[in-house]
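Computed over heavy atoms, backbone and side chain alike; hydrogens, waters and symmetry mates excluded. Just follow the structure's listing: the first ligand is 1, and inside any ligand the first atom is 1.
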Amino acid sequence: MEKEWKMSGRAGELAGKVALVTGASRGIGRGIAGKLASLGATVLVNYNGSPQKAGELAEEIAAAGGRAECVGCDVSDYTACAGMVERIIEKYGHVDILVNNAGVTRDNLLMRMSEEDYDRVLDINLKGAFNTMRHLSRYFVKQRGGKIINISSVSGVLGNAGQANYSASKAGLIGLTKSAARELASRGICVNAVAPGFIDTEMTQALPEKAREAGVAAVPMGRMGTVEDIAEMVAFLAGEKSNYITGQVICVDGGMAI
Ligand code: NAP
């Protein structure tokens with residue numbers, strides 16, 4: 001299978017743009033980073049626990065003729081995010097595309113869920129997006145333009161038994177997206193959410209076989225989604241063809257949220 005980050009015939013669509021993708025060392029974020037790079041963007045590959053994987057991705061993008069650099073940072077850390085943004089602005093002068101993709105699950109039934117598991121999921125999935133948006137939005141406002149894409153989930157749209165913390169974080173992300181979209185629209189900044197369904201990554205590979213089967217059974221299209229399915233939508237929302245779309249939640253889920 002071809003790597004997502006092979007320079008595409010559409011290279012140039014995002015030429016001159018700088019994109020920060022959080023949680024880009026693995027899974028969906030990795031696919032998004034590769035896709036944006038293949039369209040000509042300079043991609044900042046954020047990672048936390050997987051520096052080696054992030055480094056390999058940056059090397060692969062460079063080998064394919066693209067531009068990428070790794071930026072380590074735990075997105076749940078407000079001050080660390082401020083430092084990351086400062087370093088990026090110092091070096092590149094601007095950021096045009098922010099993709100808040102970093103996310104984790106710590107599933108359990110509500111009655112058994114620990115406070116720590118609740119807090120950690122909210123801190124990474126929801127506060128992490130707030131942190132990057134908070135620190136980057138003033139640059140977006142100054143440059144009167146930019147694209148923010150938050151990776152929510154079908155669980156945030158529908159709820160999901162065993163995922164109270166995760167669903168709350170992803171539903172919260174939708175509220176954050178809509179409020180920011182209203183605040184920033186007059187400055188030409190688009191803020192949208194993508195809500196993936198059941199996508200084949202390490203996150204879902206970690207599920208027991210029975211849960212995976214139940215997940216696929218809930219998809220009207222009868223299959224898991226791919227990283228590429230999500231990356232294509234993010235690339236559309238990052239590019240100019242979506243300039244009149246803001247505050248929306250686009251479900252890329254094979255029909256799960258119908
Ligand atoms: P994954 O394979 O588990 O990858 C998660 C990514 O998040 C990794 O790159 C990880 O980086 C990063 N991350 C975790 N904690 C972080 C932190 N504190 N700071 C910075 N980065 C952090 O997950 P995935 O399936 O690709 O999911 C990506 C996003 O899509 C998540 O927001 C997830 O909720 C959402 N989503 C996934 C599905 C699905 O079916 N897979 C469905 C709906 C929504 P390190 O390893 O470097 O820490």
Side-chain angles (χ1 to χ4, degrees), residues 4 20-35 43-58 70-81 83-85 98-107 117 119-132 149-160 163 165-174 176-177 193-207 211-212 214-216 218-219 221 223-231 233-234 249-254 256-257:
E4 298 93 334
L20 169 61
V21 184
T22 71
S25 52
R26 299 184 282 114
I28 292 172
R30 182 180 173 86
I32 292 170
K35 173 64 68 180
V43 178
L44 299 162
V45 176
N46 165 256
Y47 64 91
N48 184 37
S50 310
Q52 196 180 331
K53 288 191 174 173
E56 283 164 12
L57 172 62
C70 298
V71 286
C73 173
D74 177 348
V75 294
S76 70
D77 184 330
Y78 182 83
T79 311
C81 278
M84 171 174 71
V85 165
L98 166 64
V99 184
N100 283 307
N101 165 83
V104 294
T105 51
R106 288 200 183 175
D107 297 351
D117 282 353
D119 286 346
R120 191 64 187 140
V121 168
L122 268 287
D123 279 350
I124 295 172
N125 298 9
L126 181 55
K127 191 181 167 209
F130 164 75
N131 288 343
T132 54
I149 300 134
N150 293 327
I151 307 301
S152 177
S153 168
V154 70
S155 297
V157 176
L158 299 178
N160 194 20
Q163 289 199 311
N165 50 358
Y166 183 78
S167 299
S169 72
K170 295 299 185 178
L173 202 46
I174 291 172
L176 178 63
T177 300
V194 173
F198 197 45
I199 311 300
D200 194 11
T201 67
E202 282 174 34
M203 185 179 272
T204 46
Q205 282 155 19
L207 291 169
R212 276 170 66 88
V216 173
V219 185
M221 283 187 164
R223 69 163 176 90
M224 293 185 86
T226 64
V227 163
E228 179 73 5
D229 289 328
I230 308 305
M233 177 51 67
V234 172
V249 183
I250 319 283
C251 294
V252 182
D253 64 357
M256 280 179 94

**Request:** Would you mind checking which non-hydrogen protein atom is closest to atom 13 (N) of ligand 1, with the distance to 0.1 Å?
**Result:** A102 CB, 4.0 Å
**Request:** Verify side chain to side chain contact (heavy atoms under 4.5 Å, CB included) between V21 and V45, making sure each step is shown before the conclusion.
**Result:** CA-CA 6 Å; V21 184; V45 176; over 6 Å; no
**Prompt:** Looking at ligand 1, does any of its N/O atoms fall within less than 3.5 Å of an N/O of G29?
**Reply:** no
**Whether T22 lies under 4.0 Å from ligand 1, heavy atom** = no
**For the student: nearest non-hydrogen atoms of L57 and A24, plus distance** = CD2-O, 3.3 Å
**Message:** Using only atom types and a distance under 3.5 Å, with no angle test, would you say the side chain of T22 pairs donor to acceptor with the backbone of N101?
**Reply:** yes
**Prompt:** Under 3.5 Å, is there a donor-acceptor pair between the R30 and T201 side chains?
**Reply:** no
**Asked** If you take all heavy atoms of T105 and V121, which pair is closest and at what distance?
**Response** C-CG2, 4.2 Å
**Message:** Show me which atoms of ligand 1 lie under 4.0 Å from any heavy atom of G27.
**Reply:** 2 (O), 26 (O)
**Message:** Is the contact between N46 and ligand 1 made by the side chain, the backbone, both, or neither, using heavy atoms and a 4.0 Å cut-off?
**Reply:** side chain
**Complete:** Note: heavy atom closest to atom 42 (C) of ligand 1, options G197, A206, S153, belongs to G197
**Prompt:** Quick one: does K170 get an N or O within less than 3.5 Å of an N or O on ligand 1?
**Reply:** yes
**Prompt:** Which part of N101 is near ligand 1, with near meaning a heavy atom under 4.0 Å away: side chain, backbone, both or neither?
**Reply:** both
**Request:** Run the numbers for me: atoms of ligand 1, each under 4.0 Å from some heavy atom of T204, listed by number.
**Result:** 39 (C), 40 (O), 41 (N)
**Item:** Pairing residues for N100 by the side-chain hydrogen bond (donor to acceptor under 3.5 Å, both in side chains) criterion, not counting sequence neighbours
**Value:** T132, N150
**Prompt:** Quick one: which ligand 1 atoms are inside 4.0 Å of a heavy atom on D74?
**Reply:** 17 (C), 18 (N), 19 (N)
**Asked** With only distance considered, is S76 within less than 3.5 Å of ligand 1 through an N or O on each side?
**Response** no
**Complete:** Tightest non-hydrogen contact, residues A54 and Y47, listed as CB-CD2, 3.5 Å
**Request:** Would you mind checking if R120 and D74 are paired as a salt bridge, meaning a charged N to carboxylate O distance below 4.0 Å?
**Result:** yes
**Complete:** heavy-atom search around atom 40 (O) of ligand 1 in the protein gives I199 N, 2.8 Å
**Asked** Starting from atom 6 (C) of ligand 1, which protein heavy atom do you reach first, and at what distance in Å?
**Response** G23 O, 3.7 Å
**Request:** Measure the distances from the heavy atoms of S152 to every atom of ligand 1 and state whether one is below 4.0 angstrom.
**Result:** yes
**Message:** Considering non-hydrogen atoms of the protein only, which is the closest contact for atom 34 (O) of ligand 1, and what is the distance?
**Reply:** Y166 OH, 2.5 Å
**Prompt:** Could an N or O of ligand 1 be found under 3.5 Å from any N or O of Y47, whether backbone or side chain?
**Reply:** no
**Request:** Quick one: look at P51 and ligand 1, take heavy-atom pairs under 4.0 Å, and tell me if it's side chain, backbone, both or neither.
**Result:** neither
**Item:** P196-ligand 1 polar pair, N/O distance under 3.5 Å
**Value:** no
**Closest non-hydrogen atom pair, L122 against S169** = CD1-CA, 4.0 Å
**Prompt:** How far is atom 14 (C) of ligand 1 from its nearest protein heavy atom, and which residue and atom is that?
**Reply:** V104 CG1, 3.7 Å
**Message:** Does any N or O of ligand 1 fall below 3.5 Å from an N or O anywhere on F198, backbone included?
**Reply:** no
**Item:** Protein contact to atom 10 (C) of ligand 1 [nearest heavy atom, distance to 0.1 Å]
**Value:** R26 NH2, 3.6 Å
**Complete:** The atoms of ligand 1 lying under 4.0 Å from a heavy atom of I151, numbered in the order shown, are 30 (O), 35 (C)
**Message:** Taking 4.0 Å as the limit for heavy-atom contacts, which would you say applies to N48 with ligand 1: side chain only, backbone only, both, or neither?
**Reply:** both
**Atom CD of Q52: over 12 foreign heavy atoms under 6.0 Å** = no
**Atoms in ligand 1 with a heavy atom of G49 nearer than 4.0 Å** = 45 (P), 47 (O), 48 (O)
**Complete:** Looking only at protein heavy atoms, what sits closest to atom 25 (O) of ligand 1 is T201 OG1, 2.4 Å
**Request:** Examine S25 against ligand 1 and note whether any of their N/O atoms are separated by less than 3.5 Å.
**Result:** yes
**Item:** Backbone or side-chain N or O of V75 under 3.5 Å from ligand 1 N or O
**Value:** yes
**Asked** Any Lys/Arg nitrogen of E202 or K53 sitting under 4.0 Å from an Asp/Glu carboxylate oxygen of the other?
**Response** yes
**Prompt:** How long is the gap from CG on L158 to CG on N160, to the nearest 0.5 Å?
**Reply:** 8.5 Å
**Message:** Can you report which non-hydrogen protein atom sits closest to atom 26 (O) of ligand 1, along with the distance?
**Reply:** I28 N, 2.7 Å
**Request:** Taking S155 for its side chain and S167 for its backbone only, find out whether a donor-acceptor pair lies under 3.5 Å.
**Result:** no
**Request:** Take atom CE of M221 as the centre, draw a 6.0 Å sphere, and report whether it contains more than 12 heavy atoms from other residues, nucleotides or ligands.
**Result:** no
**Complete:** Those residues at least two apart in sequence (or on a different chain) that pass salt bridge (charged side-chain N to carboxylate O under 4.0 Å, His left out) with D123 are none
**Item:** Contact summary for I151 and P196, nearest pair of heavy atoms
**Value:** CG2-CG, 3.8 Å
**Complete:** Taking only non-hydrogen atoms of C73 and a 4.0 Å limit, the atoms of ligand 1 in range are 19 (N), 20 (C)
